[in-house]
Enquirer: 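I am attaching a structure below and will ask some questions about it afterwards.
In what follows, chains are A, B, ... by sequence order, proteins preceding strands, each numbered from 1. Heavy-atom basis, side chains included; hydrogens, waters and symmetry copies ignored.
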Amino acid sequence: MPVNQMVIDLRLCVGCGTCAIACKLGNNTQIRDKGQSFNWADFMIKQPPGLSNRWMALPVKCNHCADPKCVAACPVAPITDTTCVGDKRKAMYKLKDAYGGLVLHDDARCIGCRNCQRNCPYSVIDLGAYNAQASVISFNFTQAHNEWQSTKELFPGMTGSPAEIADTVGTTPPYRTDWTNEGGYGGDNIRPGSVVEKCYGCYHRVLAATKRLPYCVQACPANARKIVSGDTFLNDQDIPFASVAPDDPNVDDAKVLSSLPPWSELRVLKQYSMGEPVLVGPYWSPTQSRPQTFYWGNFNP
Amino acid sequence: MLKITRRTFLKASAAIGAVAASGPILNTLKPSKAFAAESEFQMRPTACLGCTTWCAVEAKVQTVGNIARVVDIVGNRKSRSNGGYVCPRGRLSIQQMYDPDRVKTPMRRTNPNKGRGVNPGFIPISWDEAVDEIARKLIEMRYTPEPDEELKKHSGTVGAGSTTTTIVTDDESSAADAYKGYLVTVNNEIRMITASTAGSAGNPVVLTVEPALSAAPNQNDPFVVKASQSHKLAVLRGRYSTVNDVSNAILYSALPAIYGTPNKVSHSSICAESEKGAWVNVIGAWEYQDYDLDNCQCLLLWGSDPTSSNRMVPNAIRKLGKRIKAGMKLIVVDPRLSPAAAKAHIWAPIKPGTDGALAMAIAKFIWENMRDNTTLRGSGWDFITNRVDGDIGDNGVGGWISAAGLSVPEAASITGLAQSTIRKIACMFAGWSYDSDGNPIALIRTGHDQCKAISWVGPGIAMQPHGLYGAMAAAALNALVGSFDHLGGVINKKGSWTQVNGDVRAVQTSHKDALSSYKGAYMLGTNKRQYTRIDPNNMEKDYIGSTDPEVPLGLPGIGGGSNAVGGVNPTNMLGDALRLGYPYGRGNKANNCKMIISHFANFPFSCTGTKRWEDALSTPNAPFVVNIVTHVNELGMFSDIILPSDHHMFENYLFTHGQRADLANIMAMMRPVVGRLYPDDDYGTKWGETEFVWLLGRKMAEIAVGDVVPGWPTDYYFTKLKDYCDSYSPDAWNNTITTSWAFNKAVNAYRGAKNDPAVWAKLDSDNPSNYTEVATSIGVYGYGFGIHQSTVDKTPGGLYFNADGAGQYWVGTSAFGTVSGKVELYEAKKLKQQIEAHAAAHQYEGQPEKLIKACNYPQDGLYYMPHYVAPSLQGTGKRFVDYKSRLNREGRSANCPMYYEFKSCDAMDVKWRDVVKINPTDAAALNVVTGDWVKISGTYKVGNLPNIPSNEGGGPTYEFSDDIICRVVVTPTVKVGTVIKCYGQGHWAYGRMAKGRVTNFTNGVSYQGGNNNEILPGDYERIVGGNQRNGCMQVSITKISAPYTFVSPKQQFTG
């Protein structure tokens, strides 16, 4: 069966960060705190070992691994669920390919042990402690966005406070993108405290009745992110982005996505250097334990 | 007062609480295949003014109850200029909109002391109180005679009239209306001179004054004529909003004209003008150029990364990688490995300020190889022979090269680049294959493909004290391959602007006509001093005054203006004028500029040499500042009254036009896609910079002049501003002022018709197909709501790249805007005219050399052609290079959380930090490593040039020194000898996130890095008048111990 992939073509990526901002807005992830970035989509600046005058931007997000370490590490007692791999559904679980193949997380069943975060090859439990640029999994020490409860006014009576803006608009955060998950996969669009969180592959868009592209894919101004079949990618044919409609209430793009095979992800990246592009093969090594980074020193907030 | 919707808040809190309470419990939720989509949303078109591209965007809006909120921004799907995508700036606007530190009510200063770090002691006041205070201040200045200077003093014959009084003077020499606009004092009564006759022998000047004097004075009563003080108002523009005339027709154009001040101070010299100066002197176009990336086969970027900033950023991001995959060659000349450079085939880390040498070597290399080897000629040669002024010999390209060309070895020695690199760049640009040493082998971009190369002149090489001629050289390279107005080249020609322009022009004309009828209030007359701008762009002897020891800097600022006058008024000139008390005060600061009305400008942060602004705006003798803005910015800390402004991208109507991207002209319309954040005030709504003028006009018409200024009747009112607004409002003045006026006006301008409710109904229906229909119906063809003129047809043989027998490039009717109509390389004729005229009109005795010297250029005799001029350096130490963040929304970002969270998108920058990049070689010498704190110190001179007599524009200089602190990243991605820092942080006001974690928000310290402008000199490229930023400043770096302990971003946000 052909594998459905998100492919990020680094020849097109210029490292602008639009994917990360679009994800953070769309998925309502909170402000950085206590070594957690809450960036489901993020990016790193990758350089060859040592000091080098080359760099490339390397997008970072959950790879929805075929054999996810996070799921293996999850201690929550599984319930039987035939849509999940092994028919078992822990707090962290992987759907069968037939059901989309995503690695999802159930906020309501998470016990906050962070074993998934410790065992994910692409995550750290504290960005500062590990000098990491990015982490796929983050942990909510508190209710997300509780900073919006602050009533601090810089110029009292003349400028606003977070709480006042949230009051006025009626949501927290005031630019909250409201989406729901009726099926019980994942959780609310705002995370409670004491749970981990990570990229859900925008399941509420990709697998919804009205299918839409993930925020990061839709937003990429370089069209570097695509949802394509593996065969298509290996032939290096561009899927015309225009064939997949972006947000438009009048366009149902179900036809486009439903014609594609189930979701999984293989990240094949091409390194771009001075001169011609070089195919360097799968970038992420299964044995790689931590994101590569960090020629800059102790910097993290 | 704001209505707190407490119920809504509690409801939201409860919902959140319920989720939290359910927390980590095992449950038996059953999986389902039914996934829910997002809640309902609408896509509402508006426009992003985050950079000068002015993108068409759509706001994704969700609604709870009656409250709509913006949750996402995407590019307008019908926009050709961005293809439906925005760069990271677009989405950051959402956090600006919902920033907790937005101003929600007018604020008034209570502390009379002003200075950085001084608590203004703001208190909330009502709109009525605020406008009343502003109106009285304006009336006082408008109707109080100038205290220091007495312009004319005569005795004469005075007669009475009913509404006016005539006064017969004993002046028999002045021309008609020589006294118009001045104030006359007779028997302690002050009146306005509305007209004066011409005088001749035996036939003295007769003045008409209004209102009538209270009693017919006795004959031969002495009377005194003085200027009013209306010219002591300066209006600052930060944000463009075209209505139908020059930008900001109401606040920026009408108000100053009607009130009577020439002082409209804009910001374009801060960034744009130097770049435009390069183009105007080569192809006669004073504007940004457009570029056809879709067909480009070689892109040569000079000091610019269009995937980051300046300009058409989404278009560049969309095209760059795609074009490289398709075979386009990319060359980046930049001392830093920018995002574009990281993808380049050749990165040329050039020594700052030497770009002109590289360009002149490329030019000479291409020219000589083509001249001597016919097999290396493609259609570029046709362009050289047909479209460049002069023959190809002595007075054409050949003459230019022999006068100004540099050999490759010469350029290598100047630029620090390898000779082979320079040759390879030239070959790649010209479309030649080359050997390992960079020597050309054969033409590989044959025929018209040779023309598909772009030499993209960015601000980096132009914004230098000697930036003009080098930038001209880089622009001139396009002529050598024939890329001007060629498919895949530099596009100067616009799309079908003409049809719409006709409508716009008609409205502009009527607007100007209408405006001129209100200029009875305008300061007219003959005394030059009264009508010279406070920020003069030239050095006029009679303005300066030969005995004054210290004068504001003057410079030609020729720009796109007329020959002798000049077109650019450098923004910093106002700062210098204020701090020195010139020109009106002649050194007496208390009697200089007295009042500033600013909208969305933040010059104490955004202008180079910020200290001059801090000095100018601080006690003593600081002007009264009215600041219309969304946040208490740096200027806000010096302000007397702050008025809250809308975020026009979401809350109000605004309209701009004139930018281009991807060969489409852009008209940007912003509109209220959601309600105002703070909707309630004493007028029942909230006001921005446009509506403010109506409030002001109404208020000024209600306050009797005599109640403010003794000597005037108590039934005499300044009504002209109100009259004007009435005449231009689609509604009667007493009706509710429609906030959509400006927008309606804009649409009407394009439709040539009255507002059509049906149009608005369609626009409000959120059906995108309507936008196209509406846009088409108002004459804006295609591509959705409010955006895009008809576009240039990129098809070879199509509308614009017509195959006319001579080729695909623009020929025949399409002359360039130069004097010759061709590309001018050997002699920029307009520049020559301007310099000669300027030298003749001012204190240079008609000698261009003297003017050139006063402009800080060497007298090398090559004043009218592109050539290399060695950089003019300031200070000592490492060369400081400034560049722009991908996340800066122009110079006024509120630096909201996501700005910091994704700061690493400015390659080698670090999230939540402000850093300076230093090469390992330099870092070792400085004994700093990545993560260290440093102080960057600059000492620089501002003012006039040394060793030039004051009557030639010289005189004393004054020296500033300042320093900023930040942290270090050691990286070989910056050239040895340079220190490179991104602009955008270092706010010491502008809200809790911008300023950083502090407890006292008025202490004037930045806790979030350093503002480059504090150490940049604030000098100019003096011929054009644009600010310098690059290639010239040298700074010292000192390692310091960590001055701050940062708290987490979340703590910073909660205050």
Enquirer: Compute whether any side-chain donor of one residue and acceptor of the other, for A:T80 and A:D87, lie under 3.5 angstrom apart.
Expert: no
Enquirer: Which atoms of B:V313 come close to chain A, meaning under 4.5 Å heavy atom to heavy atom: side chain ones, backbone ones, both, or neither?
Expert: neither
Enquirer: Salt-bridged, A:K90 to A:D106, with N to O below 4.0 Å?
Expert: no
Enquirer: When heavy-atom pairs shorter than 4.5 Å are enumerated against chain A, which of B:E901, B:M107, B:M898 gives the highest number?
Expert: B:E901
Enquirer: Given that the side chain runs from C-beta out, which part of A:Q30 has a heavy atom under 4.5 Å from chain B: side chain, backbone, both or neither?
Expert: side chain
Enquirer: Please tell me whether B:K1050 and A:T142 have a donor and an acceptor in their side chains that are separated by less than 3.5 angstrom.
Expert: yes
Enquirer: Look at A:P156, A:A222, A:G17, A:S37 and state which one has the largest set of heavy-atom pairs under 4.5 Å with chain B.
Expert: A:A222
Enquirer: Please identify, among A:A91, A:P162, A:G15, the residue contributing the most non-hydrogen atom pairs under 4.5 Å to chain B.
Expert: A:P162
Enquirer: Is it the side chain or the backbone of B:S338 that comes within 4.5 Å of chain A heavy atoms, both, or neither?
Expert: backbone
Enquirer: If only side-chain N and O atoms count, and only distance matters, is there a donor-acceptor pair under 3.5 Å linking A:R176 with A:N189?
Expert: yes
Enquirer: Who wins among A:M158, A:H145, A:K24 for the most heavy-atom pairs under 4.5 Å with chain B?
Expert: A:M158
Enquirer: Which bit of B:L330 comes within less than 4.5 Å of chain A, counting heavy atoms only: side chain, backbone, both or neither?
Expert: neither
Enquirer: Given a strict heavy-atom distance threshold of 4.5 Å, which part of A:C19 is in contact with chain B: side chain, backbone, both, or neither?
Expert: neither
Enquirer: With a 4.5 angstrom heavy-atom cut-off, is it the side chain or the backbone of A:T29 that approaches chain B, or both, or neither?
Expert: neither
Enquirer: Considering only heavy atoms, which portion of A:I31 lies under 4.5 Å from any heavy atom of chain B: side chain, backbone, both, or neither?
Expert: side chain
Enquirer: Counting heavy-atom pairs closer than 4.5 Å to chain A, which one of B:D906, B:D305, B:I123 comes out on top?
Expert: B:I123
Enquirer: Whether the B:Q1052 and B:R992 side chains hold a donor-acceptor pair (N or O, under 3.5 Å, no angle test) is what I'd like checked.
Expert: no
Enquirer: Between A:N28 and chain B, with a heavy-atom cut-off of 4.5 Å, which part of the residue counts as in contact: side chain, backbone, both or neither?
Expert: neither
Enquirer: Taking B:D909 as the fixed residue, which of B:R336, B:K903, B:R967 is the one that meets the salt bridge (Lys or Arg N to Asp or Glu O under 4.0 Å) rule?
Expert: B:K903
Enquirer: Could you pull out all residues at least two apart from B:R108 that satisfy salt bridge (Lys or Arg N to Asp or Glu O under 4.0 Å)?
Expert: B:E133
Enquirer: Just checking, is any N or O donor in the side chain of B:R886 or B:S308 under 3.5 Å from an acceptor N or O on the other one?
Expert: yes
Enquirer: Under 4.5 Å from any heavy atom of chain B, what part of A:A22 do you find: side chain, backbone, both or neither?
Expert: both
Enquirer: Does NZ or CZ of B:K911 come closer than 6.0 Å to the centre of the six-membered ring of A:F43, within 45° of the ring's axis?
Expert: yes
